[in-house]
Amino acid sequence: MANNPNLVLLDVRSPGEYADSSKYLTSDIGRLKGSINISIDSVEKHFTDLKAYKDKTILVYCSHSQRSRRVSKFLADSGFKSVYSLNGGMTEVNKTADADFPCKASLYTTAMPYKLIGPDDAVAFIRDKNNVVIDVRPASQFNGTDTSEFANVGHIKNAINVPLSTLDVAIPGLTKYKNRPILVYELYSNNAMLAAAKFSKTGFKNVNVLFDGYDTLLGNTASSSKIRDELTIGTPAYKIIGVKETIRLVANSPNLIVADLRSKEDFENKSKDNFYNLGHIKGAINFTVEDLYAYLKGKPKTTPILIYSTFTAAMTGMSGMHSEPNVSTISKQLADKGYTNVYLLYDGIYSVVWASANVEGCKDAVNILTDHAGFY
């Protein structure tokens, strides 16, 4: 951007996403100032207009960089001279710390009444004792007593639990925080965004949302790190980890058991649904739950075990998804049996494949993957 003052910014998301008025609230994540909006499904229709930029440098972006890659390839194949795709799209723009994206403050804009902050900036926010952190999950999830094990992942220390369902009644009692910065969060983002809009509407001056939720904060901090211990409380006996820790674990643990609990078809990239054909982590064994327990019989309780399925643990059992074991429950059961080094890749193998292609600092993920080529 610094070297190309005439850079053309092309946003290929839908008009609703571009204007922060999408039917999906979690898609309203801002845009880059000065960008042109031509959605991916209308690029060919507007190709004549785009040809005016054929000899200029173009930066194409979307929400996660799947659409931008396809458009970038189309433009390059059509003779455009200098085309870039923004890896990770607006998702990574929002996750990236302000200090690591020097022009973010001047380039980023949004129509939303709150600010989205990523995990690194959230750490600094939480450490400032003047700031207020509000957890809008149900009390059972906040307290770690929910019937769904995936939701029992602890909470940020000193957070105030105000469930979204009771927020309208609770807001008058929170007005003493109106002039203090507040951070609203949940496991993911949707309900936190809904709550943040309510806070803004009722006069709170500095409202922030933990972008992509508490699970992203957990995944961004090593399970045994001082930061995890400093910021969170009530995390389970098994270890919730993200992509970076998974890369280190696989690379540095020669006795690691990697348990892939997907179906045989998904493990072997033979699913009729292509987005399930993600390859697998090198050295992984494709277990059924019964086979895993049998395999572990007699092994030391200190044996390191990495468990994963396809997507985030919270998606297990959702309508339209492939049937997979509940990896959170299995991780808890193993911890309850006395296994002390159970690691749950909370966001699944998909997160590793996606990060390998999109996230700075995670490119080494390709070294722990196999049979994933071609997905990106």
Side-chain angles (χ1 to χ4, degrees), residues 1-13 17-20 26-37 53 56-69 71-72 75 81-128 130-131 181-185 189 193 196 205-213 216-217 219-222 225 227 231 242-244 247 354-365 376:
M1 291 179 177
N3 295 330
N4 292 278
N6 296 318
L7 181 71
V8 177
L9 296 170
L10 178 60
D11 186 322
V12 296
R13 297 176 297 165
E17 290 172 278
Y18 180 80
D20 286 332
T26 52
S27 294
D28 296 339
I29 56 177
R31 61 181 172 84
L32 301 182
K33 289 180 184 176
S35 57
I36 301 164
N37 179 219
Y53 308 113
K56 294 184 180 294
T57 299
I58 301 178
L59 177 63
V60 187
Y61 73 91
C62 59
S63 62
H64 291 81
S65 77
Q66 292 179 329
R67 287 172 287 183
S68 67
R69 272 183 166 83
V71 172
S72 295
L75 294 176
K81 308 296 184 189
S82 182
V83 183
Y84 292 80
S85 173
L86 180 58
N87 269 4
M90 291 305 298
T91 295
E92 281 303 303
V93 169
N94 280 293
K95 283 184 181 178
T96 302
D98 291 354
D100 293 332
F101 190 173
C103 54
K104 185 174 175 179
S106 61
L107 197 65
Y108 179 91
T109 186
T110 181
M112 308 311 287
Y114 46 77
K115 180 181 180 181
L116 302 174
I117 63 174
D120 290 329
D121 286 337
V123 169
F125 186 102
I126 295 163
R127 283 175 167 163
D128 187 332
N130 180 57
N131 297 340
I182 67 170
L183 175 66
V184 187
Y185 80 95
S189 289
M193 290 175 164
K205 307 296 183 188
N206 187 341
V207 183
N208 304 269
V209 170
L210 177 54
F211 182 67
D212 261 10
T216 296
L217 179 67
N220 203 59
T221 56
S225 67
I227 294 179
L231 299 182
V243 176
K244 290 180 181 178
I247 295 170
W354 188 84
S356 73
N358 292 292
V359 181
E360 200 66 32
C362 290
K363 293 178 181 177
D364 286 347
Y376 274 98

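Count residues from 1 along the sequence.
Qualifying side-chain hydrogen bond (donor to acceptor under 3.5 Å, both in side chains) partners for Asp121, counting only residues two or more places apart in sequence or in other chains: none. Qualifying side-chain hydrogen bond (donor to acceptor under 3.5 Å, both in side chains) partners for Thr96, counting only residues two or more places apart in sequence or in other chains: none. Residues satisfying the side-chain hydrogen bond (donor to acceptor under 3.5 Å, both in side chains) test with Lys104, not counting sequence neighbours, are Asp98.
Counting only heavy atoms from C-beta outward, the side chains of Leu9 and Arg31 never approach each other to under 4.5 Å. Phe211 is listed as a side-chain neighbour of Ile29, based on a closest heavy-atom distance under 4.5 Å. Side-chain contact between Lys115 and Asn206 is absent, with no heavy atoms from C-beta onward closer than 4.5 Å. Contact annotation: the side chain of Leu32 never approaches that of Asp11 to less than 4.5 Å [non-hydrogen atoms, C-beta and beyond]. Counting heavy atoms from C-beta on, the side chains of Leu86 and Val93 come closer than 4.5 Å. Between Tyr108 and Leu116, the closest side-chain pair of non-hydrogen atoms falls below 4.5 Å. For the pair Val123 and Asn220, the minimum side-chain heavy-atom distance is 4.5 Å or more. Annotation: side chain of Thr216 is not in contact with side chain of Leu210 (no heavy-atom distance under 4.5 Å).
Summarising the geometry of Val12 relative to Cys62, their closest heavy-atom pair is CG2-CB, 3.9 Å, with the distance given to 0.1 Å. Closest approach of Ala97 and Asp120 over heavy atoms only: CB-CB, 4.0 Å. When every heavy atom of Ser65 is checked against every heavy atom of Gly89, the shortest pair comes out as CB-N, 4.0 Å. For the residue pair Asn358 and Glu92, the shortest heavy atom distance occurs at O-CG, 4.2 Å. Closest approach of Asp212 to Ser189, counting heavy atoms only: N-OG, 2.7 Å. Taking every heavy atom of both residues into account, Asn87 and Ala357 meet most closely at ND2-O, 3.1 Å.
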Worksheet item: Would Leu183 and Ile117 satisfy side-chain contact (heavy atoms from CB on, under 4.5 Å), going step by step from the backbone distance to the final call?
Response: CA-CA 9 Å; Leu183 175 66; Ile117 63 174; 3.6 Å; yes
Worksheet item: Yes or no on side-chain contact (heavy atoms from CB on, under 4.5 Å) for Lys56 and Ser82, after CA distance, side-chain angles and deciding distance?
Response: CA-CA 7 Å; Lys56 294 184 180 294; Ser82 182; over 6 Å; no
Item to complete: Verify side-chain contact (heavy atoms from CB on, under 4.5 Å) between Ile227 and Arg127, making sure each step is shown before the conclusion.
Response: CA-CA 10 Å; Ile227 294 179; Arg127 283 175 167 163; 3.8 Å; yes
Item to complete: Could you walk me through whether Met112 and Val207 pass the side-chain contact (heavy atoms from CB on, under 4.5 Å) test, one step at a time?
Response: CA-CA 11 Å; Met112 308 311 287; Val207 183; over 6 Å; no
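For Phe101, the CZ atom counts as densely surrounded, since its 6.0 Å shell holds more than 12 non-hydrogen atoms of other residues, nucleotides or ligands. Other residues, nucleotides and ligands contribute over 12 non-hydrogen atoms within 6.0 Å of the NZ atom of Lys33. Around CG of Asn3, the count of heavy atoms belonging to other residues, nucleotides or ligands within 6.0 Å does not exceed 12.
Taking CG from Leu75 and OH from Tyr84, the interatomic distance works out to 14.0 Å, rounded to the nearest 0.5 Å. Atoms CD and OG1, on Glu17 and Thr26 in that order, are 9.5 Å from each other to the nearest 0.5 Å. One distance of note links OG of Ser35 with CZ of Arg13; it measures 7.5 Å at 0.5 Å rounding. Annotation: the span from Ile58 atom CD1 to Ser85 atom OG amounts to 12.0 Å, rounded to 0.5 Å. Here the straight-line distance linking atom CE of Met90 with atom NE2 of His64 works out to 11.5 Å at 0.5 Å rounding. Between atom CG of residue Leu7 and atom CG of residue Leu59 there is a gap of 5.5 Å, rounded to the nearest 0.5 Å.
Put simply, the residue from Thr57, Val60, Ile36 that forms a side chain to side chain contact (heavy atoms under 4.5 Å, CB included) with Val8 is Ile36.
At least one donor-acceptor pair under 3.5 Å links the side chain of Asn131 to the backbone N or O of Phe125. Of the possible polar contacts, none joining the Asn94 side chain to the Gly118 backbone as a donor-acceptor pair under 3.5 Å is found.
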